[in-house]
Amino acid sequence: MADERRYHHISSAVIAVMPGRLAEVADVIVAMGGPEIRAQENNRIVVVMEGESAGELGAQLTALGALDGVVAANMVFEHIEELEGSAP
């Protein structure tokens with residue numbers, strides 16, 4: 001029998017940005033419509049991402065790391081919640 005449980009994944013990441021590019025990169029992240037910026041200073045942006053799978057969060061992190069002006073994008077924390085009513 002297939003596992004019908006569903007999950008909600010929440011993750012945070014720190015995005016290291018080239019000097020002088022913080023506002024520009026932050027604007028692009030906001031326009032992406034997925035990751036939410038929670039803090040930004042000293043050439044770093046902290047984002048929170050949510051999705052249905054670790055793969056979805058990984059894709060968001062990869063997209064963030066590929067942005068022009070980004071030096072590195074590192075996942076810091078991930079939490080997984082089983083959604084109510086999704087028991088096997």
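Atoms considered below: every heavy atom in the structure, side chains included; atoms not considered: hydrogens, waters and symmetry mates.
Atom CG of Asn74 and atom CD1 of Ile15 lie 7.5 Å apart (nearest 0.5 Å). In this structure, CD on Glu81 lies 8.5 Å from NE2 on His8, to the nearest 0.5 angstrom.
For the side-chain contact (heavy atoms from CB on, under 4.5 Å) test, residues two or more places apart in sequence or in another chain that qualify with Ala26 are Ile37, Gln40, Ile45.
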Just distance, no hydrogens or angles: give the donor-acceptor pairs under 3.5 Å from side chains in residues 54-67, sequence neighbours left out.
from	atom 1	to	atom 2	distance (Å)
Glu56	OE1	Glu52	N	3.0
Gln60	NE2	Glu50	O	3.3
Thr62	OG1	Gly58	O	2.9

N/O donor-acceptor pairs under 3.5 Å from side chains in residues 28-35, not counting sequence neighbours:
none

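Among residues at least two apart or in separate chains, side-chain hydrogen bond (donor to acceptor under 3.5 Å, both in side chains) pairs with a member in residues 9-18 are His9-Glu78. Each salt bridge (charged side-chain N to carboxylate O under 4.0 Å, His left out) pair with one or both residues in residues 12-35, not counting sequence neighbours, appears once here: Arg21-Glu24, Arg21-Asp68. Each salt bridge (charged side-chain N to carboxylate O under 4.0 Å, His left out) pair with one or both residues in residues 28-48, not counting sequence neighbours, appears once here: Glu36-Arg38.
Residues Phe77 and Met75 do not share a hydrophobic cluster, defined by chaining ILVMFWY side chains whose heavy atoms lie under 4.5 Å apart.
Cluster note: Met18 groups with Val71 through ILVMFWY side-chain heavy atoms spaced under 4.5 Å, whether in direct contact or through intervening members.
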